[in-house]
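Have a look at the structure below before the remarks.
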Number of protein chains: 2
Amino acid sequence: METGETPPHDDGERRFLDAYDPRAFAPTAVTVDVAALTIRAGTPCVLLTRRSAPPQRGWWALPGGFVRAQDGPDGPADPDLPDAALRVLSEKTALPCELHLEQLRTYGARDRDPRMRIVSVAYLILAPDLPEPHVGRGSDAAEWVPWSELGHGDGARSGRPLAFDHARIVADAVERARSKLEYTALATAFLPPTFTITALREVYEAVWGTRLHSANFHRKILATRGFVEDTGELADRGGPGGGRRPRLYRAGGAAVLHPPLLRGTP
Amino acid sequence: METGETPPHDDGERRFLDAYDPRAFAPTAVTVDVAALTIRAGTPCVLLTRRSAPPQRGWWALPGGFVRAQDGPDGPADPDLPDAALRVLSEKTALPCELHLEQLRTYGARDRDPRMRIVSVAYLILAPDLPEPHVGRGSDAAEWVPWSELGHGDGARSGRPLAFDHARIVADAVERARSKLEYTALATAFLPPTFTITALREVYEAVWGTRLHSANFHRKILATRGFVEDTGELADRGGPGGGRRPRLYRAGGAAVLHPPLLRGTP
DNA sequence: GTGAGTTTTTCTCAACCTGAGATGAATTTA
DNA sequence: TAAATTCATCTCAGGTTGAGAAAAACTCAC
């Protein structure tokens, strides 16, 4: 074993880098695609844009774009991939200050884009109800689209078709969101700063597409330390047809739930 | 809403593609790095190689290499990213027929490689005890290194230092493996085709770094449908100092555990 | 062989958690 | 003021978990 050996500094390192020609490599492009999920009026939605330029002009697609490798005429380089994701998203809609951003996965099949070899790093965003998006460069429409209108990325031609392999990416994003709700306190990312236990349950029900027992949900949430914090205040009023005024909570500090809140255990 | 609108086929699509010049883009390279994890004699290890060429010559690193975007002198193009990962790994060690391969995440900070903007897609491999690795192109040594000898990727200079941001990647790989053991039946990926419940428990103990109550573990595994299948056979002998001959099992068909097997619930 | 030690496997029991429904509290509408 | 609605709490049976004891099946030393 060579543990403890000091990694040698190489005198030729600088000479090597000076002589290095990045353009000698076969062209591969790197893009970011953003699957921004939100819940609008109880319906889980994803942000889509309609492509106004080839390839796949006229098809709906996730907001995305090339990672800026270096400073250039279009703007400064993206320091890291999340910066690129936020930049791409900010061209389509207003970003709230609190926003959950995480890497989803990377797609790089040889034939996924007709132009060239394009490797796309997909990001997942969970956001509270955001305003209507606006059109940006490269698109002539932008909409929040319910998940139910899209296929499942399995090739079955159901619902609104998406460009490239974006149906797959959306399906992966939805599955990631569903599974993250089990093990983390991320459901609060879909809600405003203060919310009721019922609103939290409706997030679970919307994302999972199931009904939950409200009393047991209530007990479970309050028993999970760090999930929510009591603000001490009550909502202005109860439901539409009357009812007790619910307590308001804010997100607690906990990131992971112990024990988890599992869907479908029958 | 414009749902149901048929995405138009564009006449200019072909002309656009014919005129497209991939080399016009700023150079970004895509590599794959493989974190191959295994358990050798009860110690969890990761496969590392020592770089024999700049940059970072002499430093230990994960096996990795550029994704082949097109057919070229080095060989045919990688059809997809997992193919590239397997190709890179096969240059270092023999691959068993059964092998768990999954994408870990992608790293693309601007300064993570001194040559150019390099986006690296990291893959996680879980394998049963593999033979000693051999040196391949670009390296002059290859070893299975215990996780305990490495830092945690948090910048703290503990243990054997790794090239680039590979300490971070290894830390992410280890955390992914630890958490996957909770929710999936993946522990069997570290074991040969048939194994005992005790061997399975030792996988959990090695990866999590904890001790588990053997009787409760036994009960839990057998109660989880699809985790293991009884082969009907017994091992040749018990422990080193005698003992009952344990039953042999093989991996069952289940991918996810319901309910999960959680670590640390105190 | 016999007995002590080892390892696997099963059993017991209290504590906790979960699913399902009932009950009570607070508030709006008719 | 009564009824309907919604939030919040309580109860209880059934299942799961954590901890230890006990039984079963084996090896080794004597």
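- Judged by distance alone, the side chain of A/W144 and the main-chain N or O of A/V46 form no donor-acceptor pair under 3.5 Å.
- Summarising the geometry, the separation between CD1 on B/I221 and C1' on C/dT8 is reported as 15 Å, rounded to the nearest angstrom.
- When the local axes at the two ends of the helix from C/dG1-D/dC30 to C/dA30-D/dT1 are compared, using 5 base pairs at each end, they differ in direction by 10° after rounding to 10°.
- Protein atom CG of A/L261 is 9 Å distant from nucleotide atom P of C/dT18, rounded to whole Å.
- Residue B/P240 places its side chain closer to C/dT7 than to any other of D/dT9, C/dT10, C/dT7.
- Rounded to an integer number of Å, the gap from B/R245 CZ to D/dA23 P is 24 Å.
- The distance from atom CG of B/L222 to atom P of C/dT9 is 8 Å, rounded to the nearest whole Å.
- Side chain of A/H166 to backbone of A/L62: a donor-acceptor contact under 3.5 angstrom is found.
- As a whole-Å value, the separation of B/D236 CG from C/dT8 P is 14 Å.
- A straight line from NE2 of B/H218 to P of D/dA24 spans 16 Å, rounded to a whole angstrom.
- At the heavy-atom level, A/R237 lies under 4.0 Å from the strands shown only through sugar-phosphate atoms.
- Look at CZ on A/R201: it is 14 Å from P on C/dG19, rounded to the nearest Å.
- Not one side-chain nitrogen or oxygen of A/K220 sits closer than 4.0 Å to the OP1 or OP2 atom of C/dC17.
- Between B/T210 and B/R263 there is no side-chain heavy-atom pair separated by less than 4.5 Å.
- Atoms CG (A/L234) and P (C/dA25) sit 17 Å apart, rounded to a whole Å.
- The side chain of A/R247 has D/dA8 as its nearest neighbour among D/dC26, C/dT9, D/dA8.
- Both B/G243 and B/Y249 lie near DNA chain C, and the one whose nearest nucleotide falls closer to the 5' end is B/G243.
- Nucleic acid contact for B/T196: none, since no nucleic acid atom lies under 4.0 Å from a heavy atom of the residue.
- Proximity of B/L222 to B/V228: side-chain heavy atoms (C-beta onward) are separated by under 4.5 Å at one or more points.
- You'll find that the side chain of B/N216 is closest to D/dG18, out of D/dT9, D/dG18, C/dG19.
- Of the candidate nucleotides C/dT9, D/dC7, D/dT9, D/dC7 has the atom nearest to the side chain of A/R244.
- Residue-level contact check: B/A223 touches neither bases nor backbone, having no heavy atom under 4.0 Å from any strand.
- Toward the 5′ end of DNA chain C lies the nearest nucleotide of B/S214, the other residue of the pair A/P260 and B/S214 mapping further downstream.
- For A/R219, whose side chain is taken as the heavy atoms from C-beta onward, the closest listed nucleotide among C/dC11, C/dG19, D/dA8 is C/dG19.
- With hydrogens and angles ignored, the 3.5 Å screen pairs no side-chain donor or acceptor of B/W60 with any backbone N or O of B/P161.
- Residues A/E233 and A/R250 are not paired through a salt bridge, judged by the lack of any N-O separation under 4.0 Å between the basic side chain and the carboxylate.
- With salt bridges taken as basic N to acidic carboxylate O contacts below 4.0 Å, none links B/D172 and B/R176.
- OP1 or OP2 of D/dA19 has not a single side-chain nitrogen or oxygen of B/H213 nearer than 4.0 Å.
- Judged by distance alone, the side chains of B/T106 and A/T106 do bring a donor and an acceptor atom under 3.5 Å apart.
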